[in-house]
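Each remark here refers to the structure printed beneath this line.
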Amino acid sequence: MIFRCGQVRSAIRLSCLLAASPFALATAYAGEACHLVPGTLRYDDNFACFRDPANRHGFPGAIKFVPFDEAGDMFLSLGGEVRQRYEYTHDTLFGADPQDEAGVWLQRYTLHADLQLGTHLRFFGQLSSALEAGREGGPSPVDENQLALQNGFVDLSVAPTDDSDLTFRIGRQELRYGSGRLVDARERPNVRRTFDAARAIFELPDWRIDGFAGRPRTPEPGVFDDTWNDDQALWGAYATGGENLLRFGALDVYYLGFRDNAGTYVQGTANEERHSIGARFGGEHNAWDWNWEAVYQFGSFGTGDINAWTIASETGFTFAEAPWQPRIALSANIASGDANSSDPDLGTFSPLFPRGNYFSEAAVLGPRNFFNVHSFLIVNPTDKWSLTADMNFFWRLETEDGVYSPSGQIIRDPNGNKDRFVGSAISLNSSYEIVDNLDFTAIYTHFFAGAFIRATGPSNDIDFVELTLQYRF
């Protein structure tokens, strides 16, 4: 297919221009010694090596650091992303949803500018275009958003002491904390999550403490038509550090407040105010690595009280001296459900604003009212190629509660059924870095419907295929 940008709608002209030749852009600097390290949140990109004038040539070196003064305190940095994804799901939601005839083509394009005006003032802006073709019944809310301001904020920074920094950040911004279990920018879907928020970021030698309050944006499919979400709000404080206090690893401690004027669970829909207190301990030592987290939630749901919790863990071991450096890992997780849907109290855990692919790229189930065991094997045939095979088993914790999707939608009501086993899934994942920051990923998942799914509605097994080409600059 020949790409002619002049023939497309003006709303997606940006997408067209970026898509013209991502491979050519990537290969233009494949041999350079200075490499961009893109962050999960692009405003956290590490482009320090481009401060050296010797590295500011070609693409993207010429646009990563454009100084306005000799000291390099005032500069402009530009960047972006091109992501092309094909995905096909056979028997979506076990056959309950419409079947896509030939799969779905999802495109995402971004451009961002980072303007630093001295040590105290910074402006960051990012445009995003997400397009969809092939979805039976039309795009979902996370499939298409033709053009939107994804990030647009100002930083005001001061240094209270010689070894600390305080930054006030105001505006539209993506948020991600810890492993993304409770607050995440939602990278996997085509439309990422963003907030209108205010943040205070206090950085000390051993700790970083964030205080924040904001509301999520509701994505709409058109051009600059996203809306402020009046129903939901998020606020809290998140601290990470402690490396000098602990023998191994680091500690996150946090409080998150959440309000939803229309929280929906098997029990019903009501005003929800939920408070989460949690801690995460992660690190590595010798060949071992770990990521453990526990959260307790309390608050109100309608006229009732909330009492919910979760424990999540992943522990791995890497055979660093063996061929392909295999890593084996086991993840065991549990989250509370509601034991009695007829009383006003609610026991279902809520992950608030989690990552979209909580358990797998197929994104079938979400972390509410469940326990699971998930085993991994990861090998690296080369330093640019990794292969992952995993097996996952899911159960309901409370038989009076149902099964939920990653976004919190109710997939199945309990309907009086007492079966706990929801199903199992096997996945194969191949990820290859063609050149710096140009990655090709292929994924296959098969989800086997369990006894609860078979007893409560459509119960076909699910097959999921995903092919992704992503370039970040």
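Note that the coordinates shown come from a computational prediction; the quantities given were computed from them, not determined experimentally.
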(message) Among residues at least two apart in sequence or on other chains, which ones pass side chain to side chain contact (heavy atoms under 4.5 Å, CB included) with A455?
(response) N417, D419

(message) Taking salt bridge (Lys or Arg N to Asp or Glu O under 4.0 Å) as the cut-off, I'd like each qualifying pair that reaches into residues 384-397, sequence neighbours left out, listed once.
(response) K384-E433

(request) For the residue pair T445 and S427, confirm or rule out a side-chain donor-acceptor distance under 3.5 Å. (result) yes

(message) So L467 and R85, do their side chains get closer than 4.5 Å, heavy atoms only?
(response) no

(message) So that I can tick it off, tell me whether R472 and E81 are bridged by a salt bridge, with the cut-off set at under 4.0 angstrom between side-chain N and carboxylate O.
(response) no

(message) So V364 and I462, do their side chains get closer than 4.5 Å, heavy atoms only?
(response) yes

(request) Sequence neighbours left out, what passes side chain to side chain contact (heavy atoms under 4.5 Å, CB included) with L93? Give chain and number order. (result) A96, D97, I411

(message) To check you understand the geometry: which heavy-atom pair defines the closest contact between R327 and G316, and what is its length?
(response) NH2-CA, 4.0 Å

(request) State yes or no: are the ring centers of F421 and W395 separated by less than 6.0 Å? (result) yes

(message) I'd like to know whether N333 forms a side chain to side chain donor-acceptor pair (under 3.5 Å) with N372, so could you lay out the CA-CA distance, the side-chain angles of the two residues, the decisive distance to 0.1 Å, and finally the verdict.
(response) CA-CA 6 Å; N333 311 276; N372 81 313; 3.0 Å; yes

(request) Could you tell me which residues satisfy ring pair (Phe, Tyr, Trp, His ring centres under 6.0 Å) with F447, sequence neighbours excluded, listed by chain and number? (result) F94, F394

(message) Taking the basic N atoms (NZ, or NE/NH1/NH2) and the acidic carboxylate oxygens, is any pair closer than 4.0 Å for R135 and E101?
(response) no

(message) As an exercise, state the distance from OG of S128 to CD of Q150, rounded to the nearest 0.5 Å.
(response) 5.0 Å

(request) Using a strict cut-off of less than 4.0 Å between a Lys/Arg side-chain nitrogen and an Asp/Glu carboxylate oxygen, indicate whether D210 and R199 qualify as a salt bridge. (result) yes

(message) Quick test of your reading of the model: are R217 and E174 salt-bridged, counting only N-O distances below 4.0 Å?
(response) no

(request) Start with the C-alpha gap between F464 and Y444, add the side-chain angles, then the distance that decides, and say whether side-chain contact (heavy atoms from CB on, under 4.5 Å) holds. (result) CA-CA 6 Å; F464 174 81; Y444 170 73; over 6 Å; no

(message) If the test is ring-ring contact (aromatic ring centres under 6.0 Å, His included), which one of F212, F195, F124 qualifies with F153?
(response) F124

(message) Within the 4.5 Å heavy-atom criterion, are F298 and I306 side-chain neighbours or not?
(response) no

(message) Would you call the rings of H275 and W235 parallel, tilted or perpendicular, taking 30° and 60° as the class edges?
(response) perpendicular

(request) Output all residues satisfying side chain to side chain contact (heavy atoms under 4.5 Å, CB included) with T269, sequence neighbours left out; order by chain, then residue number. (result) A262, T264

(request) Please say whether the positively charged group of R274, taken as NZ for Lys or CZ for Arg, lies over the ring of F258, i.e. under 6.0 angstrom from the six-membered ring centre and within 45 degrees of the axis. (result) no

(message) Working to the nearest 0.5 angstrom, can you tell me the gap between L438 CG and Y432 OH?
(response) 10.5 Å

(request) Specify the closest pair of heavy atoms between P367 and A335, including all atoms of both residues, with the distance to one decimal. (result) O-CB, 3.8 Å

(request) Compare all side-chain heavy atoms of T441 with those of N429 and state whether any distance is below 4.5 angstrom. (result) yes

(message) What I'd like to find out is whether the side chain of S313 reaches to under 4.5 Å of the side chain of W290, using heavy atoms alone.
(response) no

(message) D338: which residues meet the salt bridge (charged side-chain N to carboxylate O under 4.0 Å, His left out) condition with it, sequence neighbours left out?
(response) none

(request) Using the test side chain to side chain contact (heavy atoms under 4.5 Å, CB included), find all partners of Y254 that sit at least two apart in sequence or belong to another chain. (result) L182, Y238, L256, E293, V295

(request) Could you pull out all residues at least two apart from D45 that satisfy salt bridge (charged side-chain N to carboxylate O under 4.0 Å, His left out)? (result) R42

(message) Applying ring pair (Phe, Tyr, Trp, His ring centres under 6.0 Å), can you list everything that pairs with F440, at least two apart in sequence or on another chain?
(response) none

(message) D463 vs T89, test: side-chain contact (heavy atoms from CB on, under 4.5 Å). Steps then yes/no.
(response) CA-CA 6 Å; D463 286 289; T89 305; over 6 Å; no

(message) Would you say that more than 12 heavy atoms from the other residues, nucleotides or ligands in this model lie under 6.0 Å from the CD of E243, or not?
(response) yes

(message) The criterion is salt bridge (charged side-chain N to carboxylate O under 4.0 Å, His left out); which residues satisfy it with R420, sequence neighbours excluded?
(response) none

(request) Please round to the nearest 0.5 Å and tell me the distance separating atom OG1 of T318 and atom CG of N286. (result) 11.5 Å

(message) Minimum heavy-atom separation for T456 and P414, please, with both atom names.
(response) CG2-O, 4.2 Å

(message) Any carboxylate oxygen within less than 4.0 angstrom of a Lys/Arg side-chain nitrogen, looking at D230 and R215?
(response) no

(request) Determine the minimum heavy-atom distance between L147 and S129, stating which atoms define it. (result) CD1-CB, 4.3 Å

(message) Taking salt bridge (charged side-chain N to carboxylate O under 4.0 Å, His left out) as the definition, give me every residue that meets it alongside R355, ordered by chain and number, with sequence neighbours left out.
(response) none

(request) Tell me, please, which residues at least two apart from W309 pass ring pair (Phe, Tyr, Trp, His ring centres under 6.0 Å). (result) none

(request) Show your reasoning for whether side chain to side chain donor-acceptor pair (under 3.5 Å) applies to T348 and N369. (result) CA-CA 6 Å; T348 307; N369 185 40; over 6 Å; no

(request) Look up atom CH2 in W228 and atom CG in D196, then write down how far apart they are to the nearest 0.5 Å. (result) 5.5 Å

(message) With rounding to the nearest 0.5 angstrom, report the CZ to CG distance, R186 to L175.
(response) 12.5 Å

(request) Evaluate the side chain to side chain donor-acceptor pair (under 3.5 Å) criterion for residues H112 and N151: first the C-alpha distance (whole Å), next the side-chain angles of each, then the deciding distance (0.1 Å), finally the verdict. (result) CA-CA 8 Å; H112 68 257; N151 285 280; over 6 Å; no

(request) Please name the residue in the list E87, H90, E136 that meets the side chain to side chain contact (heavy atoms under 4.5 Å, CB included) test with D100. (result) E136

(message) Can you confirm whether or not the ring centre of Y86 sits under 6.0 Å from the ring centre of Y88?
(response) no

(request) Determine, for E144 against R108, whether the closest basic-nitrogen to carboxylate-oxygen distance falls under 4.0 angstrom. (result) no

(request) Over all heavy atoms of both residues, which pair between S459 and A449 is shortest? Give the atoms and the distance, please. (result) O-CB, 3.4 Å

(request) Salt-bridge test for E187 and R83: reply yes if a basic N is under 4.0 Å from a carboxylate O, no otherwise. (result) yes

(message) Show the nearest heavy-atom pair for residues R280 and S179, with the distance to one decimal.
(response) NH1-OG, 3.3 Å

(request) Mind checking the CZ-CZ spacing from F349 to F370? Nearest 0.5 Å is all I need. (result) 8.5 Å

(message) One thing to verify: whether D155 and R169 come together as a salt bridge, which I'm taking to mean a side-chain N less than 4.0 angstrom from a carboxylate O.
(response) yes

